[in-house]
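Basis for what follows: all heavy atoms, side chains included, without hydrogens, waters or symmetry-related copies.
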Amino acid sequence: MFVKKGKSLLAGLLAFFMIAVALTGCGGKRGVDQTSSSGEKVIKVGILHSLSGTMSISETSLRDAELMAIDEINAAGGVL
């Protein structure tokens, strides 16, 4: 009987944290254009790679290549 209660408690906590994480991503300002100091529109880009640990050997160079591509796009006038 204790195992059954423990599993339902664990499932309830897991559901709570999943809902909390989902709602955290829903916050923020919508419909507001962000601009840089020079008055240009800004598009935020997220890059997610491991920079430490065993995967950093291959993923550090991926991050560098992505940042270089972003710099090249910006130097050519951007995407807007």
Side-chain angles (χ1 to χ4, degrees):
M1 185 177 259
F2 177 72
V3 174
K4 201 173 202 181
K5 286 182 182 180
K7 284 186 179 181
S8 75
L9 177 64
L10 181 62
L13 286 173
L14 181 61
F16 171 77
F17 285 117
M18 289 176 66
I19 291 170
V21 168
L23 291 177
T24 301
C26 295
K29 299 176 183 176
R30 294 184 179 251
V32 177
D33 290 333
Q34 294 183 350
T35 57
S36 66
S37 59
S38 62
E40 298 174 341
K41 288 186 180 181
V42 174
I43 297 176
K44 290 186 178 182
V45 177
I47 299 175
L48 180 62
H49 290 291
S50 296
L51 301 180
S52 63
T54 57
M55 293 303 295
S56 67
I57 294 170
S58 61
E59 294 190 12
T60 301
S61 59
L62 291 173
R63 185 220 36 194
D64 294 340
E66 290 170 357
L67 291 175
M68 184 175 67
I70 291 169
D71 289 339
E72 289 177 359
I73 291 169
N74 287 335
V79 294
L80 297 176

Legend entry - Whichever hydrophobic residues join M68 through chains of side-chain contacts under 4.5 Å: none
Inset, instruction - Show which residues join L14 in its hydrophobic cluster (side-chain heavy-atom contacts under 4.5 Å, direct or indirect), or state none. - result: M18
Table please: side-chain donor-acceptor pairs of residues 55-63 below 3.5 Å, with sequence neighbours left out.
residue, atom, partner, partner atom, Å
S56, OG, G53, O, 2.8
S58, OG, M55, O, 3.4
E59, OE1, S50, N, 2.5
T60, OG1, S56, O, 2.7
S61, OG, S58, O, 3.0

Legend entry - Co-members of the apolar cluster containing I70 [side chain, <4.5 Å]: V45, I47, L67
Inset, instruction - Just jot down the side-chain contact (heavy atoms from CB on, under 4.5 Å) partners of I73, sequence neighbours excluded, or say none. - result: V79
Inset, instruction - Keeping to residues at least two apart or across chains, list the side chain to side chain donor-acceptor pair (under 3.5 Å) pairs with something in residues 70-80. - result: none
